[in-house]
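This report refers to the structure that appears directly beneath it.
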Amino acid sequence: MLTPASRILKFAAQNFWRNIWLSFVAISMIFLMLISLNIIVVINFITESVVTTIEERIDVSIYLKPEASENLVTSLRSYLMSLPQVKDVGYVDPEDALNQFKEKHRDDSDIMAALEEIGSNPLGSTLVVSAKSAEDYPMILDSLDNPAYKDIILDKDFSNQERLIEKVQVMGSKANLGGLALSLTFALIAIMIVFNSVRMTIYTHREEIGIMKLVGASNWFVRGPYLLEGVYACLVALVVTIIVVFPALGLIQPHFAGFFQESAPSLPGYF
C-alpha cells in the first residue's frame, strides 16, 4: 500500500503533468528569473576582477627634474619606500627614460627633430610607485608635497588610471541595478504564475478535495500535492538553468581569459 507521503508525491506529479502548459509557463518565468540573477553574479565577478587587475597593474610615475642630484633621488626613493602604503618603488634613470620616450614617439617626426635640436638629454629620472591598494594613491601623492622633495618633482601621472577605475565601477553598478530590476520583475511574475496555476488546479479538483475531506484526509495531505507542484516547477527550472549556464560560461571563458591573460580567473570555477 502507498504511504501518505508517497501518495502526496504521486498526486503532485499527476497535477504537474495534467497542467503541463501552466507548469511550462511557471518554469519559464522561474528560469528567466534565475538566469537574470546569474547574469548579476557574472557582472559582479567580472567587475571585481577587472578592478582588481587594474589596481594590480596601476602605478604612479613621478617625473623628476634633470637637475635633481643622485643623492636627492635616492633619498626620495627611500622616503617613499618607508611609507606603509607603498609596495614597491621602481627607478628609471635618465638614459632609460630617454630611450623609452624615443620608442614611444618614434613616429612623431617633430618630437624626434626637437630632440636632435636639443642635442642633450632633457629628461630626468623617473620613480614608479606601486601601492598596496588603489585607495592608498591619494595619500602617497599628498606625501610628495614634502618640502624636502617638492622642488625636484616635475610631474606626477595617476589621474588616467584613477578615472578608469571609477568608470569600471560605475558601469558595473549600473549593470547590477538593471539586472536586479529585471530579476525582481521576473520573480514577481513567476510568483503570480505559480500562485495562479496552483489556485486553478485546486479549483479544478475541488470535488476531489471535498471527497478527500469527507473520508478523513488531513489538511496537509490535501495541501501537499499543490505545494509540491510548485516545488517541482522550481526544481525543473533550476536544472534547466544549470544546463544553460555552465556551457555559456565555457563559451565566455576564452574571451574572459583573453582580456586578463595569465592572471585570468575561472568563471566556471567561481560558479
Answer whether the closest heavy-atom distance between the side chains of [X] and [Y] falls below 4.5 Å.
| X | Y | value |
| --- | --- | --- |
| V41 | L37 | no |
| D88 | V129 | no |
| V128 | I62 | no |
| L249 | Q253 | no |
| S130 | V86 | no |
| Y63 | I153 | no |
| Y270 | V42 | no |

Go through the structure and list residues passing side-chain contact (heavy atoms from CB on, under 4.5 Å) with P247, not counting sequence neighbours.
->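 Applying side-chain contact (heavy atoms from CB on, under 4.5 Å) to P247 gives none.
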
What residue pairs, at least two apart or across chains, pass side chain to side chain donor-acceptor pair (under 3.5 Å) with a residue in residues 73-83?
->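 Sorted pair list: S75-Y149.
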
According to the side chain to side chain donor-acceptor pair (under 3.5 Å) rule, which pairs have a member within residues 32-42, sequence neighbours left out?
-> S36-S183

Heavy-atom nearest pair, I27 first then A233, reads CG1-O, 3.6 Å

Go through V245 and L34 one step at a time and tell me if the side chain to side chain contact (heavy atoms under 4.5 Å, CB included) criterion holds.
-> CA-CA 10 Å; V245 167; L34 291 173; over 6 Å; no

Is it true that V92 and V73 fall in one hydrophobic cluster, defined by side-chain heavy atoms closer than 4.5 Å?
-> no

Indicate if V239 and L32 have the same hydrophobic cluster label, given that clusters are the connected sets of ILVMFWY residues with side-chain heavy-atom separations under 4.5 angstrom.
->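 No, separate clusters.
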
Residues two or more places apart in sequence or in another chain: which of them pass side chain to side chain donor-acceptor pair (under 3.5 Å) with T241?
-> none

Partners passing side chain to side chain donor-acceptor pair (under 3.5 Å) against Y91 (at least two apart in sequence or in another chain) = E70, S125

Derivation of the side chain to side chain contact (heavy atoms under 4.5 Å, CB included) call for V244 and F31 | CA-CA 10 Å; V244 170; F31 166 74; 4.0 Å; yes

From CG (L251) to CG (L267), nearest 0.5 Å =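 The CG atom of L267 is 11.5 Å from CG of L251, to the nearest 0.5 Å.
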
Residues in ring-ring contact (aromatic ring centres under 6.0 Å, His included) contact with F246, at least two apart in sequence or another chain | none

